[in-house]
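Okay, so here's the structure we're looking at.
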Amino acid sequence: MQASKTSYDVVIVGGAVVGSATAFFLATNPDFRGSILVIERDWSYARSATALSSSSIRHQFSNAINVKVSQFGTEFIREFNRHVAVDDDTPEIGFHENGYLFLAGDDRGQEVLERNHATQKSCGAEVTLLDTDALGRRFRWLNLEGLTLGSYGERGEGWFDSSALMQGFRKKARSLGVEYIEEEVVSVGRDGDRVVSVTTRSGQTIGCGQLVNTAGTRGTLVARMAGLDIPVEPRRRCLFVVDCRTPLEGKVGLTIDPTGVFFRPEGKFYLMGTYPKHDPEVDPDDFDVMHDEFEAEIWPILAQRVPAFEAIKVVNSWAGHYDYCTLDHNVILGPHTDVKNFLFANGFSGHGLQQSPAMGRGLSELITYGAFRTLDLSPFGYERVVANRPFLESAVI
């Protein structure tokens, strides 16, 4: 597919949720009057991290900026219909505000939850610490053996339709004049310290004033086309949907065992996954499901933590990828230190979906004003990569 013009003020490489959020915030900003092209290699989005994620949002992070980023995400999701409405089309996002439940199993885990809780409360997050008696009263399906403390998000956390979020951004952006093409970028042209063009697989060379790299697990490849490098690599994450013979009663949030194994409701079923013990870099086209992971690492732990899960059956499974930042598990956002019209939005480490509203808004501010106007996202900048100075997020699932 060919672009309609030979040059654009902004070219966005990667049109899933972060790329489309960036296009949306640029297109809805009355101070931005430039042209925007979004290049996406697969309009089905079937293998995008957006489509294959656990589709959830939380405020329970260790880092205050990440808390605030997701708080804005919640605000946006709650008003999703109003933000992305096109004429009479107001899509539903299906936000289930059931909360996250983090569990600690020893003194160290309890200290981490208490420390993170202090950070979260300082940001205004509605999070409650629960001792074992309180856990037992609120979550009767939970086996309390070996637990010392829980942290539960009372409001603002839960899960939603990831594709609806992405398509809402995309449709609204296109209605406001953003051009999308289904193509693959195969090279990036530079003239000294500036990016000047991208070339697609079909052979079209397109000039650009600024290039935004939102290519997910292929973001490192796009950066290398411009002679740049980022510490980001694809890591496989497998998810399993199970049917449970005895459904859990009462409120069930996204529950994270002290081992890192987690689950949440998925309609009448339950979605399960883990932070795998063996976590190597993988090929971005490798979507093989690691079924042994369920048998060895997920089911035995959850069957002990939730007795009802002793009798479950897998009804669906898939593998997706994190664009994993090996430096500190946080996104690299904003311009390269030397090639300043090449902007990164890479290395979300599993947080891209929930962070897309704030990060898209932040990128639009950088492009329009040359600085952040709302949340100060500068700690996520590329400068920390150059300095090898991690900006650590420890609450990673």
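The first residue in the sequence is number 1, and the count goes up from there. What you see is a predicted model; the values in this text were computed from it and never measured.
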Identify each donor-acceptor pair in which a side-chain atom of residues 223-233 lies under 3.5 Å from a protein atom, sequence neighbours left out, and give them as a table.
unit_1	atom_1	unit_2	atom_2	d
Glu233	OE2	Arg235	NE	2.8
Glu233	OE2	Arg235	NH2	2.8

Please tabulate, for the side chains in residues 239-247, all donor-acceptor contacts under 3.5 angstrom to protein atoms that are two or more places apart in sequence or on a different chain.
none

Item to complete: Go through Met359 and Val69 one step at a time and tell me if the side chain to side chain contact (heavy atoms under 4.5 Å, CB included) criterion holds.
Response: CA-CA 8 Å; Met359 298 301 177; Val69 163; 4.1 Å; yes
Discussion item. Could you walk me through whether Ile206 and Leu37 satisfy the side chain to side chain contact (heavy atoms under 4.5 Å, CB included) test, starting with their C-alpha distance in whole Å, then the side-chain angles of each, then the deciding distance to 0.1 Å, before giving a yes or no?
Written reply: CA-CA 10 Å; Ile206 303 163; Leu37 174 69; 3.8 Å; yes
Item to complete: Kindly determine whether Glu266 and Arg264 satisfy salt bridge (Lys or Arg N to Asp or Glu O under 4.0 Å), including the steps that lead there.
Response: CA-CA 6 Å; Glu266 175 74 356; Arg264 68 162 175 81; 2.7 Å; yes
Item to complete: Determine, step by step, whether Ser54 and Leu271 satisfy the side chain to side chain contact (heavy atoms under 4.5 Å, CB included) criterion, reporting the C-alpha distance in whole Å, the side-chain angles of both residues, the deciding distance to 0.1 Å, and the verdict.
Response: CA-CA 8 Å; Ser54 58; Leu271 181 73; 3.9 Å; yes
Practice prompt. Show your reasoning for whether salt bridge (Lys or Arg N to Asp or Glu O under 4.0 Å) applies to Arg384 and Asp328.
Written response: CA-CA 10 Å; Arg384 78 184 197 278; Asp328 54 18; 2.6 Å; yes
Practice prompt. Given side chain to side chain contact (heavy atoms under 4.5 Å, CB included), test Leu211 with Ile12 step by step and report yes or no.
Written response: CA-CA 6 Å; Leu211 186 147; Ile12 300 171; over 6 Å; no
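Thr199 and Thr205 share a side-chain donor-acceptor pair at under 3.5 Å. A donor atom on one side chain and an acceptor atom on the other are found under 3.5 Å apart for Ser4 and Glu179. Side chain to side chain, Gln210 and Asp9 fail the donor-acceptor criterion of an N or O pair below 3.5 Å. A donor-acceptor contact closer than 3.5 angstrom is absent between the side chains of Thr255 and Tyr100.
Scored by the side chain to side chain contact (heavy atoms under 4.5 Å, CB included) test, Asn98 finds His96, Trp159, Lys251 as partners (sequence neighbours excluded). Annotation: side chain to side chain contact (heavy atoms under 4.5 Å, CB included) contacts of Ala319 (sequence neighbours excluded): Arg236, Cys238, Val289. With sequence neighbours excluded, no residue forms a salt bridge (charged side-chain N to carboxylate O under 4.0 Å, His left out) with Glu365. Partners of Gln2 under the side chain to side chain contact (heavy atoms under 4.5 Å, CB included) rule, at least two apart in sequence or in another chain, are Ser202, Gln204. Among residues two or more places apart in sequence or in another chain, the side chain to side chain contact (heavy atoms under 4.5 Å, CB included) test is passed with Asp161 by Ser163, Ala164.
At least one donor-acceptor pair under 3.5 Å links the side chain of Glu97 to the backbone N or O of Gly156. Judged by distance alone, the side chain of Ser70 and the main-chain N or O of Gly73 form no donor-acceptor pair under 3.5 Å. Side-chain atoms of Asn143 come within 3.5 Å of backbone N or O of Gln304 as a donor-acceptor pair. A distance-only check finds a donor-acceptor pair linking the side chain of Tyr45 to the backbone of Gly15 [under 3.5 Å]. Looking only at distances, no side-chain donor or acceptor of Thr274 sits under 3.5 Å from a matching main-chain atom of Pro276.
The structure places OG1 of Thr259 at 9.5 Å from CG of Leu103, a figure rounded to the nearest 0.5 Å. Rounding to the nearest 0.5 Å gives a distance of 12.0 Å between CG of Asp257 and CZ of Phe262. Rounded to the nearest 0.5 angstrom, Cys123 SG and Phe61 CZ are separated by 11.5 Å. Considering CG of Leu101 and CG of Leu130, their distance stands at 7.0 Å, rounded to 0.5 Å. Once rounded to the nearest 0.5 Å, the distance linking CG of Asn116 with OG of Ser62 reads 5.0 Å.
Put simply, the side chain of His59 does not reach to within 4.5 Å of the side chain of Asn66, judged on heavy atoms. Between Thr217 and Arg47 there is no side-chain heavy-atom pair separated by less than 4.5 Å. At least one side-chain heavy atom of Leu26 sits under 4.5 Å from a side-chain heavy atom of Ile367. Within the 4.5 Å cutoff, no side-chain heavy atoms of Val331 are placed close to those of Cys325. Using a 4.5 Å heavy-atom cutoff, the side chains of Val212 and Val13 are not in contact.
Taking Ile, Leu, Val, Met, Phe, Trp and Tyr as hydrophobic and joining them when side-chain heavy atoms fall under 4.5 Å apart, one finds Met290 isolated, its cluster having no other members.
Of all heavy-atom pairs spanning Ala345 and Leu363, the tightest one is CB-CD1, 3.8 Å. The two atoms that bring Ala23 and Ile36 nearest to each other are O-CD1, 4.3 Å, heavy atoms only. Across all their heavy atoms, Gly352 and Val18 have their closest contact at O-CG2, 4.0 Å. For Ala16 against Met166, the heavy-atom pair with the smallest separation is C-CG, 3.6 Å. Taking both residues in full, the closest heavy atoms of Ser151 and Gln120 are given as OG-OE1, 4.3 Å, listed atom of the first, atom of the second, then distance. Closest of all the heavy-atom pairs between Asn341 and Asp193 is OD1-O, 4.3 Å.
Geometrically, Lys68 does not engage Phe72 in a cation-pi contact, judged by NZ or CZ lying under 6.0 Å from the ring centre and within 45° of the ring axis. In this structure, Arg78 is not positioned above the aromatic face of Phe80 in the sense of NZ or CZ being under 6.0 Å from the six-membered ring centre and within 45° of the axis. For the pair Arg237 and Tyr322, the cation-pi test (distance below 6.0 Å, angle within 45°) is passed.
Here Arg138 pairs with Glu154 in a salt bridge; the nearest charged N to carboxylate O distance falls below 4.0 Å. Between Lys171 and Asp89 there is a salt bridge, since a side-chain N of the basic residue sits under 4.0 Å from a carboxylate O of the acidic one. Between Asp131 and Arg137 there is no salt bridge, since none of the side-chain N atoms of the basic residue sits less than 4.0 Å from a carboxylate O of the acidic one.
Sorted by first and then second residue, the ring pair (Phe, Tyr, Trp, His ring centres under 6.0 Å) pairs with a member in residues 129-151 read Phe139-Trp141, Phe139-Tyr152, Trp141-Phe263; sequence neighbours excluded. For residues 290-303, no pair satisfies side chain to side chain donor-acceptor pair (under 3.5 Å), with sequence neighbours left out. Screening residues 100-125 for salt bridge (Lys or Arg N to Asp or Glu O under 4.0 Å), with sequence neighbours left out, gives no hits. Residue pairs meeting the ring pair (Phe, Tyr, Trp, His ring centres under 6.0 Å) criterion with at least one partner in residues 163-208, sequence neighbours excluded, are Phe24-Phe169, Phe76-Phe169.
Note: Phe344 and Tyr382 meet the aromatic proximity criterion, with ring centroids under 6.0 Å apart.
Crowding of Lys172 atom NZ: a count of heavy atoms from other residues, nucleotides or ligands under 6.0 Å exceeding 12.
Classified by interplanar angle (parallel below 30°, tilted 30° to 60°, perpendicular above 60°), the ring pair Phe160/Phe95 is perpendicular.
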